[in-house]
Each structure stands twice: as structure tokens, then as C-alpha cells.
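Computed from heavy atoms alone, side chains included, the values below leave out hydrogens, waters and symmetry copies. Just so you know, these numbers come straight off a predicted model, no measurement behind them. We count residues from 1, following the sequence as given.
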Amino acid sequence: MDVISLAEAPLATPLTLAVVPTEHAWRLGRLGLRPGAAFSVIRSSTGGGRIVAVAGSRVALGAALLRGVRAEVAR
């Protein structure tokens with residue numbers, strides 16, 4: 001499978017988190033976004049950010065962070 005940045009991820013598609021930038025790993029991990037986690041991008045937000053659904057919660061991620069977070073389309 002190809003690994004893509006969250007900035008490129010399609011909406012409403014099941015994804016598996018592959019890579020989290022080291023400097024953001026602790027904060028994102030507390031939100032449920034850890035490598036191997038299943039999630040989906042549910043919509044784009046103002047300013048280029050995205051809102052993701054993970055573990056029953058919705059999390060807003062800014063555009064700058066999206067480029068460093070990588071995922072693969074789940075099978």
C-alpha cells in the first residue's frame with residue numbers, strides 16, 4: 001500500500017495511521033492517533049486543516065501538521 005500524507009487523504013475513507021512526527025507523537029497519541037490506529041478524515045476545515053474521526057472522537061488537525069502525518073488506505 002502507498003503511504004500518503006493526511007493533507008492528501010481522501011474524505012470518508014478508512015485509513016490506518018503509519019507515521020507520526022516525533023515532536024507531535026505524545027500529543028497525538030493522547031488523542032488516539034498512534035501508528036496502527038484506524039481512523040478516517042471526515043471533512044476539511046478552514047485554513048487547510050482536517051477533522052478526523054478516531055476512537056469515537058473527532059480531532060481537528062492544522063494544515064502544517066497534516067504534511068508530516070502519514071497514513072495508508074485500510075483494506
Going by the rule side-chain contact (heavy atoms from CB on, under 4.5 Å), which residues pair with Ala18 if we only count those two or more places apart in sequence or in a different chain? Val3, Glu72
Do [X] and [Y] share a hydrophobic cluster, counting only Ile, Leu, Val, Met, Phe, Trp and Tyr and linking them when any side-chain heavy atoms are less than 4.5 Å apart?
X: Leu11; Y: Ile4; answer: no
X: Val59; Y: Val19; answer: no
X: Val52; Y: Leu31; answer: yes

Can you name the nearest heavy-atom pair linking [X] to [Y], along with the distance?
X: Ala71; Y: Phe39; value: CB-CZ, 3.9 Å
X: Ala37; Y: Gly32; value: CB-O, 3.5 Å
X: Gly47; Y: Ala63; value: O-CB, 3.6 Å
X: Thr16; Y: Ala74; value: OG1-CB, 3.8 Å

Under a side-chain separation threshold of 4.5 Å, the hydrophobic residues clustered together with Ile51 are Ile42
Compare all side-chain heavy atoms of Ser5 with those of Leu66 and state whether any distance is below 4.5 angstrom. no
Can you find a heavy atom in the side chain of Pro10 that is under 4.5 Å from one in the side chain of Val41? no
How long is the gap from [atom1] on [X] to [atom2] on [Y], to the nearest 0.5 Å?
X: Glu8; Y: Arg67; atom1: CD; atom2: CZ; value: 11.0 Å
X: Leu61; Y: His24; atom1: CG; atom2: NE2; value: 10.0 Å
X: Leu15; Y: Leu17; atom1: CG; atom2: CG; value: 9.0 Å
X: Arg50; Y: Ser40; atom1: CZ; atom2: OG; value: 11.5 Å
X: Leu6; Y: Leu33; atom1: CG; atom2: CG; value: 8.0 Å

